[in-house]
Amino acid sequence: MLVRLADERATGVLVRDGGTLYLADGQVVHAESPDAPGLDVLLTASGRLRPDNWADAVAQAASRREVGRYLVDSGQVADGELEICHLGALFDAAFFALARASGPSRFRYGVAHWMGRVRPVPTRVVEREALRRSRLLDSVWPHPAVDTAPVERRPDPAGRALSPRRQSLLDLADGVRTPAAIARELGRPAFNTLIEVRRLAAAGLIGTPDGSGTPAPTGSAAPAAATAEATEPPSVLDSALLRRLRDALEATL
């Protein structure tokens, strides 16, 4: 359906269980998912924008569908800064929206998001990036159930030392919070959180919901993918757009 909508240069919203994609002239201009922190979280948690300033921008410009433009014109966020943060939120949400388990697709023509256009992205770029992320996650720990289930910490008799970033995630693994909830609480991009969750699962530090898979034995040499720090690896995208996105995401971690 997404390919067809791109070919016909459709404008509207593609709705799936895992999220929504907003299209304008066949390109993706916005994406949302309950499993990914939105632009508001990425901007406010990082300190780039105060929550009340975000609320004011929505109140002032949502009816005109120009919230992004308002933030820039009012001097609260730089144009390039907004673009990069928006791309990060878009790719995160699109990953969940395009997942195979996301259910049936429905498209409503003519619907526009109140954020307005920031940086349209070709549908093929969004699809390709979602596939790259899926393959990367499976290369770390091929059990996607951990992506949406409550994260539960497992005992570590060896008392392995962790980086502050991983430790802060593990401290929130209470068996109630999901990776999405942890990402929101920490103000981090969803995909970077998923990478860490899968690596911790592969190392046996958190449980895999269905009990499948065998974590690396405590004290043994775990795969490099499970022990390396989470960074954005080389992408299949060769555009300047993703290079800018990667730099921005790494700077927020």
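Just so we're clear, the structure is a prediction, and the values are computed from it rather than from any experiment.
- Hydrophobic clustering places L5 together with V28 (ILVMFWY residues linked when any side-chain heavy atoms are closer than 4.5 Å, directly or through intermediates).
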Decide side-chain hydrogen bond (donor to acceptor under 3.5 Å, both in side chains) for D171 and Q167; before the verdict, give the C-alpha distance in whole Å, the side-chain angles of both, and the deciding distance to 0.1 Å. CA-CA 6 Å; D171 288 343; Q167 188 62 55; 2.9 Å; yes
Quick one, L131 with L98, criterion side-chain contact (heavy atoms from CB on, under 4.5 Å). Give me CA distance, side-chain angles, the key distance, then yes/no. CA-CA 9 Å; L131 179 60; L98 295 177; over 6 Å; no
Could you check T20 against R108 for side-chain hydrogen bond (donor to acceptor under 3.5 Å, both in side chains), going step by step and ending with a plain yes or no? CA-CA 11 Å; T20 56; R108 297 170 56 195; over 6 Å; no
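- Taken together through direct or relayed side-chain contacts under 4.5 Å among Ile, Leu, Val, Met, Phe, Trp and Tyr, V121 and M115 form parts of separate hydrophobic clusters.
- For the pair W141/R199, no side-chain contact is recorded, criterion being any heavy-atom separation below 4.5 Å from C-beta on.
- With hydrophobic clusters built from ILVMFWY side chains whose heavy atoms lie under 4.5 angstrom apart, V151 shares a cluster with V146.
- Residues F191 and L136 have side chains in contact (heavy-atom distance under 4.5 Å, counting atoms from C-beta outward).
- R16 places no side-chain N or O within 3.5 Å of a backbone atom of S105 that could act as its donor or acceptor partner.
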Go through S46 and R48 one step at a time and tell me if the side-chain hydrogen bond (donor to acceptor under 3.5 Å, both in side chains) criterion holds. CA-CA 6 Å; S46 64; R48 290 180 171 89; 3.0 Å; yes
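- More than 12 heavy atoms of other shown residues, nucleotides or ligands fall within 6.0 angstrom of atom CZ in R106.
- Contact of the I182 side chain with the P179 side chain is not registered, since no non-hydrogen atoms from C-beta on lie closer than 4.5 Å.
- In this structure the side chain of V15 never reaches within 4.5 angstrom of the side chain of L21, judged on heavy atoms.
- Remark: the backbone N or O of F95 is not paired with any side-chain donor or acceptor of D92 at under 3.5 angstrom.
- For E66, the CD atom counts as densely surrounded, since its 6.0 Å shell holds more than 12 non-hydrogen atoms of other residues, nucleotides or ligands.
- Between R4 and D7 there is no salt bridge, since none of the side-chain N atoms of the basic residue sits less than 4.0 Å from a carboxylate O of the acidic one.
- Ion pairing of D79 with R119 is absent here, as no side-chain N (NZ or NE/NH1/NH2) approaches a carboxylate O to less than 4.0 Å.
- At least one side-chain heavy atom of R198 sits under 4.5 Å from a side-chain heavy atom of P144.
- In this structure the side chain of E152 never reaches within 4.5 angstrom of the side chain of I206, judged on heavy atoms.
- The cluster map of Ile, Leu, Val, Met, Phe, Trp and Tyr, joined by side-chain heavy atoms under 4.5 Å apart, puts F107 and Y22 in different clusters.
- Shown here is R64, whose CZ atom has more than 12 heavy atoms of other residues, nucleotides or ligands within 6.0 Å.
- No donor-acceptor pair closer than 3.5 Å links the side chain of R153 to the backbone N or O of G175.
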